[in-house]
Structure formats: C-alpha cells, structure tokens
Amino acid sequence: MRIVVVGSSNIDMVAQVSHIPAPGETVGNARFIQSFGGKGANQAVAAARLGGSVTFVTALGNDMYADILKKHFTEEGINTNYIIDDSHHPTGTALIYVANSGENCIAVAPGANYSLLPESITQFSEIIEEADIVVMQAEIPYETIKKTALLAKQKGKKVLFNPAPACLIDEELMTTIDILVVNELEASFISGIEYTENNLDDIAQALLRSGARNIVITLGSQGVYMMNERETIQLPSFKVKAIDTVAAGDTFCGALAVTCSQKGISREALSFANAAAAIAVTRLGAQSSIPTLVEVNAFIQTIK
C-alpha cells in the first residue's frame with residue numbers, strides 16, 4: 001500500500017465557539033487551539049495511521065513551523081524526503097471557527113503551498129514510479145495537479161483526486177482520475193447540475209461521462225454514494241455525536257486511498273472510510289481527530 005500524497009500543509013488556528021459569528025459579530029469565550037492541518041497533510045497522516053506506506057510531497061515556508069511539521073510527519077511514519085523548502089513565503093495557515101454544533105468556517109492563507117509549481121514535479125517524479133496510488137486535493141496550483149496526474153497515469157498509477165476547494169476540471173485531467181471524491185456541493189459545481197437531494201444519479205453520471213472512473217460523493221451525516229460503470233452503492237453514515245467536522249473528508253480520503261491502493265473500489269472500502277470519518281467527527285481538531293487502524297477496526301467490530 002504505497003501512497004504518494006501531493007498537497008498542502010497548514011498550521012491551523014482554531015477557535016471553538018458557541019456559534020459561527022455573523023458579519024460584524026464578536027463571539028467571546030472562545031477556546032483556542034493551534035494544530036496541524038492542510039488537506040494534503042491531513043490525508044497523508046490519515047493514510048499513514050490507517051496502514052499505508054506514505055510519501056508526502058508538499059512545500060513548507062521560511063518559519064519555525066517548517067521544522068516542526070517535518071518532525072511531526074516523520075513521527076507519523078511519513079517519508080519527508082520530497083518536501084520542498086520555500087525560503088520566500090510562510091508556511092500555509094488556516095483560520096478556523098468551529099461551532100458547538102460541529103459546523104465550521106475556514107479562511108486559508110496558502111503561503112508556501114502555492115510554490116508547489118509544475119516544475120517541482122521533476123524533483124519527485126521518481127517516487128511516483130514506486131507508488132500504488134497518487135492522492136491530491138485542490139489547495140495547490142491546478143497545473144501542478146494536472147501535470148502530476150498525467151505523469152501518474154503515464155506510469156500506470158491510480159489517481160485519487162479530491163477537488164476541495166471545488167474547482168472546475170478539464171477533460172484531460174478528468175480522464176486521468178480513477179477515484180473522484182467530492183461532497184454534494186462540489187459534485188454539483190463540477191458537473192454543472194444543481195443538487196436537489198434526489199438527483200445524485202444524474203450528477204454522478206455526468207461526472208462519469210466527463211472521464212473519471214469512480215465517482216464518490218460524501219454526504220456528511222447522510223453517508224456516502226458511489227457510482228461507476230458497473231454498479232451504484234449508497235451507504236448510510238455511522239451514527240455518532242459530531243463535535244468537529246474539520247478533517248472528516250480528509251480522513252475519508254486517506255482511508256479510501258489505503259483500501260483502494262491495490263484493489264478496486266468496493267462496499268467494504270467505502271464502509272471502512274465511512275467508519276474512519278465517523279470517528280474523526282467525534283474529536284476536536286484536524287490531524288488530532290484522525291483515528292488509527294486499530295481504532296477503526298475496533299469501531300467496526302462494535303457495530304457489527
């Protein structure tokens with residue numbers, strides 16, 4: 001299960017609040033937490049904790065956080081040999097409000113993440129040769145994503161793409177994608193079809209026609225939906241008390257990358273990813289909420 005994650009790293013500044021502030025409103029008595037985040041880093045940590053052999057390609061800035069993050073990734077068992085040092089920009093930062101209901105809103109200052117440019121790919125192309133699957137998100141430049149996906153496909157590797165934040169995907173990139181993981185709003189935006197809660201088939205079919213081979217739509221508390229040319233699968237979520245949904249989608253992606261790295265997508269793979277995400281929403285923070293393989297297996301056993 002050799003996984004290469006190409007993506008963002010952030011330092012998360014999190015305020016736990018009673019409710020998300022309205023424009024002009026100040027919410028007092030917030031609880032502040034500083035933690036590690038970034039969709040790329042979250043997915044890399046999730047894949048590593050859930051049994052994958054992970055190499056993380058990212059860019060870190062000219063500040064104290066670069067060494068802190070490298071040490072953290074190493075302690076998680078992640079190969080950091082392909083991390084790029086950016087001497088001109090700070091490490092990416094995310095400012096996050098998390099309400100007691102579990103809802104969140106996020107502002108991201110990408111910093112060094114945007115210096116992970118297409119020309120950087122020559123520095124890590126060799127590691128793609130050894131991968132079973134390449135995982136990416138949309139917090140790095142689009143042309144880097146596209147060039148990496150084309151290289152991975154040329155080498156016969158699987159590509160999992162999680163276009164978050166949502167971005168339009170051109171046909172050439174779409175045809176490289178083995179697993180497209182989106183939430184319902186991202187799926188609607190990319191397909192150009194308004195989501196009405198009962199038209200997932202139409203949206204997924206449109207995305208399949210665009211070239212991706214497996215469409216996975218995460219539905220939060222409503223579970224997960226998957227369509228490919230052979231079958232459609234819809235699974236309910238596991239019922240848990242959610243306190244923070246920040247890294248749920250990233251945990252799901254990391255888990256799915258592990259289970260699909262050497263096999264095709266399946267009901268069991270989706271259920272495993274669903275279980276990992278369910279555990280994550282019961283904990284505060286991004287990477288601090290991501291469970292281990294032992295925890296996910298124990299959780300699954302309790303609900304059988």
Side-chain angles (χ1 to χ4, degrees), residues 3-17 21 30-49 54-98 104-125 127 134-145 147-148 162 164-165 167 244-247 249-251 253-254 280 283-290:
I3 299 165
V4 172
V5 179
V6 182
S8 58
S9 296
N10 290 330
I11 294 295
D12 288 351
M13 309 291 187
V14 183
Q16 178 84 40
V17 292
R31 178 186 174 204
F32 176 74
I33 299 172
Q34 181 174 290
S35 61
F36 304 134
K39 297 191 72 63
N42 294 346
Q43 293 181 19
V45 169
R49 288 185 188 171
V54 178
T55 296
F56 186 32
V57 179
T58 192
L60 301 177
N62 58 353
D63 47 43
M64 65 179 181
Y65 296 121
D67 289 338
I68 292 171
L69 284 167
K70 285 179 186 177
K71 181 174 183 290
H72 165 63
F73 296 142
T74 300
E75 290 172 347
E76 292 286 350
I78 295 169
N79 179 1
T80 61
N81 292 339
Y82 296 85
I83 289 178
I84 295 168
D85 295 309
D86 179 357
S87 60
H88 302 291
H89 301 94
T91 298
T93 304
L95 306 175
I96 305 171
Y97 289 117
V98 179
N104 66 76
C105 65
I106 305 172
V108 176
N113 291 314
Y114 275 14
S115 66
L116 191 60
L117 297 170
E119 50 266 32
S120 306
I121 293 171
T122 56
Q123 299 179 44
F124 59 84
S125 61
I127 198 65
V134 177
V135 179
M136 291 181 287
Q137 327 72 35
E139 289 184 335
I140 59 175
Y142 182 86
E143 289 304 317
T144 304
I145 296 164
K147 188 172 180 180
T148 303
N162 171 220
C167 63
D244 182 0
T245 61
V246 166
D250 295 331
T251 301
C253 289
R283 302 169 175 174
L284 191 63
Q287 290 168 37
S288 57
S289 72
I290 298 170

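Remember, it's a predicted structure, so these values are computed and weren't measured experimentally.
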How long is the gap from [atom1] on [X] to [atom2] on [Y], to the nearest 0.5 Å?
X: Asn79; Y: Ile3; atom1: CG; atom2: CD1; result: 13.0 Å
X: Ile11; Y: Ile68; atom1: CD1; atom2: CD1; result: 6.5 Å
X: Ile96; Y: Gln34; atom1: CD1; atom2: CD; result: 11.0 Å
X: Leu69; Y: Thr80; atom1: CG; atom2: OG1; result: 11.0 Å

Are the side chains of [X] and [Y] in touch, meaning some heavy atoms are under 4.5 Å apart?
X: Leu284; Y: Arg31; value: yes
X: Thr93; Y: Met13; value: yes
X: Val45; Y: Ile78; value: yes
X: Val14; Y: Phe32; value: no
X: His72; Y: Gln287; value: yes

Residue pair [X] / [Y]: nearest heavy atoms and the distance that separates them:
X: Gln137; Y: Ile145; result: O-CD1, 3.2 Å
X: Gly254; Y: Ala46; result: CA-CB, 4.0 Å
X: Ala286; Y: Ser35; result: N-OG, 4.4 Å
X: Ser9; Y: Leu60; result: CB-CD2, 3.6 Å
X: Ser289; Y: Ala247; result: OG-CB, 4.0 Å
X: Thr91; Y: Gly61; result: OG1-N, 2.9 Å

So, the side chain of [X] versus the backbone of [Y]: is there a donor-acceptor pair under 3.5 Å, distance only?
X: Asn42; Y: Thr251; answer: no
X: Thr58; Y: Gly7; answer: yes
X: Glu139; Y: Lys39; answer: yes
X: Asp244; Y: Gly285; answer: yes

### Query
Is the number of heavy atoms from other residues, nucleotides or ligands within 6.0 Å of OH (Tyr97) greater than 12?
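No, not enclosed.
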For residues 116-125, dump all side-chain donor-acceptor pairs below 3.5 Å to protein atoms at least two apart in sequence or in another chain.
unit_1 : atom_1 : unit_2 : atom_2 : d
Ser120 : OG     : Leu117 : N      : 3.3
Ser120 : OG     : Leu117 : O      : 3.0
Thr122 : OG1    : Glu119 : O      : 3.1

For Asn10 and Asp12, does a side-chain donor sit closer than 3.5 Å to a side-chain acceptor?
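No - no donor-acceptor pair under 3.5 Å links their side chains.
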Taking atom types as modelled, is there a side-chain donor on Thr245 or Asn104 under 3.5 Å from an acceptor on the other?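 Their side chains do contain a donor-acceptor pair, which is all the 3.5 Å distance test asks for.
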Item checked: SB check Lys71 Glu75 (cutoff 4.0 Å) ->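 Judged by the 4.0 Å cut-off on N to carboxylate O distance, Lys71 and Glu75 do form a salt bridge.
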Angle class for the Phe56/Phe73 ring planes (parallel below 30°, perpendicular above 60°, tilted otherwise)?
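If you compare the ring of Phe56 with that of Phe73, the planes turn out perpendicular.
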